Asker: 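Dropping the structure in here first, questions after.
These numbers were taken from a predicted model, which means no experiment stands behind them. The first residue of the sequence shown is numbered 1, and numbering continues consecutively from there.
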Amino acid sequence: MEEHGLQDRDFKYVLQDTGAIYLGARYSYGELLEDDMMAFKLKTIISQYILKDVDASATLESHFYYMTPESFSYQTFRELKVKIKVSLPEEKRSLTGKVKHVYKDKIYTLKELAELNLARKKQLGLIIREISVSKLGLMSFTV
């Protein structure tokens, strides 16, 4: 049980660089709204736009996993030029032929991820790790 909590915290973070804000996908929208590191404008967008489409207890991970291009939140995140970092399981073979299971990270655009149907996401074993919000997209978003 302790290990699960540790893993959960590993994917609950708010980081930023000059071009983007990176959000750990295990955060719920409610937790993001309470986080002091979150940009005020992003909190405003979440509370005024995103929470119309989804409950505050929903995690970014589950919301993005089930998001469709028809949803209101999809349109909002598209304006924010969001990208999604996922992990995909992969089999690596050693020289001796031994199979090792590893995860490979890949960055999807919002459109690419939302256009994958649920069955395909499950087939790929896709795990959503991080959401990055473009600072340019955030700056140009009119609240």
Side-chain angles (χ1 to χ4, degrees), residues 1-94 98-143:
M1 192 71 168
E2 186 75 45
E3 188 179 303
H4 185 293
L6 240 176
Q7 288 177 333
D8 228 28
R9 278 197 309 267
D10 288 347
F11 296 101
K12 284 186 177 182
Y13 55 85
V14 177
L15 299 170
Q16 53 184 312
D17 61 21
T18 55
I21 298 172
Y22 305 94
L23 307 171
R26 296 271 169 92
Y27 259 125
S28 71
Y29 285 106
E31 290 170 327
L32 280 175
L33 292 175
E34 293 173 9
D35 194 305
D36 294 338
M37 297 300 290
M38 273 287 285
F40 177 77
K41 189 171 185 180
L42 193 49
K43 283 184 180 183
T44 305
I45 292 167
I46 289 170
S47 61
Q48 289 184 7
Y49 296 90
I50 304 302
L51 294 182
K52 288 181 179 184
D53 210 23
V54 68
D55 191 75
S57 64
T59 63
L60 295 171
E61 180 179 33
S62 67
H63 185 216
F64 278 84
Y65 194 85
Y66 295 103
M67 189 181 292
T68 62
E70 297 79 33
S71 67
F72 181 73
S73 55
Y74 173 88
Q75 303 300 327
T76 306
F77 282 120
R78 193 186 69 190
E79 292 295 314
L80 292 172
K81 298 174 180 25
V82 163
K83 290 196 174 135
I84 302 96
K85 181 182 192 179
V86 303
S87 293
L88 299 163
E90 192 177 83
E91 286 185 356
K92 291 265 186 192
R93 290 197 182 274
S94 68
K98 200 174 194 180
V99 177
K100 184 178 177 185
H101 296 281
V102 295
Y103 281 89
K104 185 177 180 184
D105 289 343
K106 183 176 178 178
I107 306 289
Y108 279 98
T109 64
L110 184 62
K111 184 178 191 292
E112 289 170 334
L113 184 69
E115 286 178 350
L116 282 177
N117 67 34
L118 195 54
R120 182 71 179 133
K121 289 175 188 168
K122 288 180 179 179
Q123 180 190 16
L124 290 170
L126 184 138
I127 301 169
I128 296 175
R129 297 290 187 200
E130 180 180 271
I131 309 302
S132 67
V133 179
S134 160
K135 284 190 175 176
L136 185 60
L138 186 61
M139 190 175 71
S140 61
F141 192 98
T142 308
V143 178

Asker: Nearest 0.5 Å please: distance from the CG atom of L113 over to the NZ atom of K85.
Answerer: 15.0 Å
Asker: Roughly how far, to the nearest 0.5 Å, is OG1 of T44 from CD1 of I50?
Answerer: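 I50 atom CD1 to T44 atom OG1 measures 12.0 Å (nearest 0.5 Å).
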Asker: Side chains of T76 and D53, heavy atoms from C-beta outward: is any pair under 4.5 Å?
Answerer: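 With C-beta onward as the side chain, the pair stays apart.
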Asker: Got L88 and L126 here, is their nearest side-chain heavy-atom distance under 4.5 Å?
Answerer: yes
Asker: Determine whether a donor-acceptor pair (N or O, by modelled atom type, separation under 3.5 Å) exists between the side chain of K41 and the backbone of L138.
Answerer: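 Side chain of K41 to backbone of L138, a donor-acceptor pair under 3.5 Å: yes, one is there.
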Asker: Using atom types as modelled and distance alone, determine if a side-chain donor or acceptor of S62 lies under 3.5 Å from a backbone N or O of A58.
Answerer: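 No, S62 side chain to A58 backbone: no donor-acceptor pair under 3.5 Å.
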Asker: Which heavy atom in Q48 sits nearest to a heavy atom in V143, and how many Å separate them?
Answerer: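 Closest heavy-atom pair between Q48 and V143: OE1-CG1, 3.3 Å.
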Asker: Within the structure provided, determine whether E61 and Y65 are in side-chain contact (heavy-atom separation under 4.5 Å).
Answerer: no
Asker: Does some side-chain heavy atom of E91 sit less than 4.5 Å from a side-chain heavy atom of K100?
Answerer: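 The answer is no, as the side chains (C-beta and beyond) never meet within the 4.5 Å cut-off.
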Asker: How far does CG of L51 sit from OG of S73, to the nearest 0.5 angstrom?
Answerer: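 Going from the CG atom of L51 to the OG atom of S73 covers 10.0 Å.
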Asker: For L110 and M67, what are the C-alpha separation, side-chain angles and deciding distance, and is it a side-chain contact (heavy atoms from CB on, under 4.5 Å)?
Answerer: CA-CA 9 Å; L110 184 62; M67 189 181 292; 3.8 Å; yes
Asker: Return each pair, listed once, that meets ring-ring contact (aromatic ring centres under 6.0 Å, His included) where at least one residue sits in residues 107-143; pairs must be two or more places apart or across chains.
Answerer: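 For residues 107-143: Y49-F141.
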Asker: Output the distance between atom NZ (K122) and atom CG (N117), rounded to the nearest 0.5 Å.
Answerer: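 If I round to the nearest 0.5 Å, the distance is 10.5 Å.
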Asker: Would you say the side chain of E79 lies within less than 4.5 Å of the side chain of I45, judging by non-hydrogen atoms?
Answerer: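 No, side chains not in contact.
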Asker: Kindly compute the distance separating NZ (K106) from CD (E90), expressed to the nearest 0.5 Å.
Answerer: 11.0 Å
Asker: Taking ring-ring contact (aromatic ring centres under 6.0 Å, His included) as the test, write out the residues that go with Y27, two or more places apart.
Answerer: none
Asker: Where the side chain of Q75 meets the backbone of E70, is there a donor-acceptor pair that is under 3.5 Å apart?
Answerer: no
Asker: Using every non-hydrogen atom in the two residues, find where A114 and P69 come nearest and quote the distance to one decimal.
Answerer: O-CD, 3.6 Å
Asker: For the residue pair L23 and L42, establish whether any side-chain heavy-atom pair is separated by less than 4.5 Å.
Answerer: yes
Asker: Rounded at 0.5 Å granularity, tell me how far CD1 in I21 sits from CG in L15.
Answerer: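 Reported to 0.5 Å precision, the distance equals 10.5 Å.
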Asker: Sort and list the pairs that fulfil side chain to side chain donor-acceptor pair (under 3.5 Å) and have at least one residue in residues 129-138, not counting sequence neighbours.
Answerer: Y13-E130, Q16-K135, S87-R129
Asker: How close do D55 and Y29 get, counting heavy atoms only, and between which atoms?
Answerer: O-CD1, 4.2 Å
Asker: If you define the side chain from C-beta out and look only at heavy atoms, does anything of Y74 sit under 4.5 Å from T68?
Answerer: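 No - every pair of side-chain heavy atoms lies 4.5 Å or more apart.
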Asker: What are the two closest heavy atoms between K43 and L32, and how far apart are they?
Answerer: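 K43 and L32 have their closest heavy atoms at CE-O, 3.8 Å.
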Asker: Do L60 and I128 come within less than 4.5 Å of each other through their side chains, counting heavy atoms only?
Answerer: no
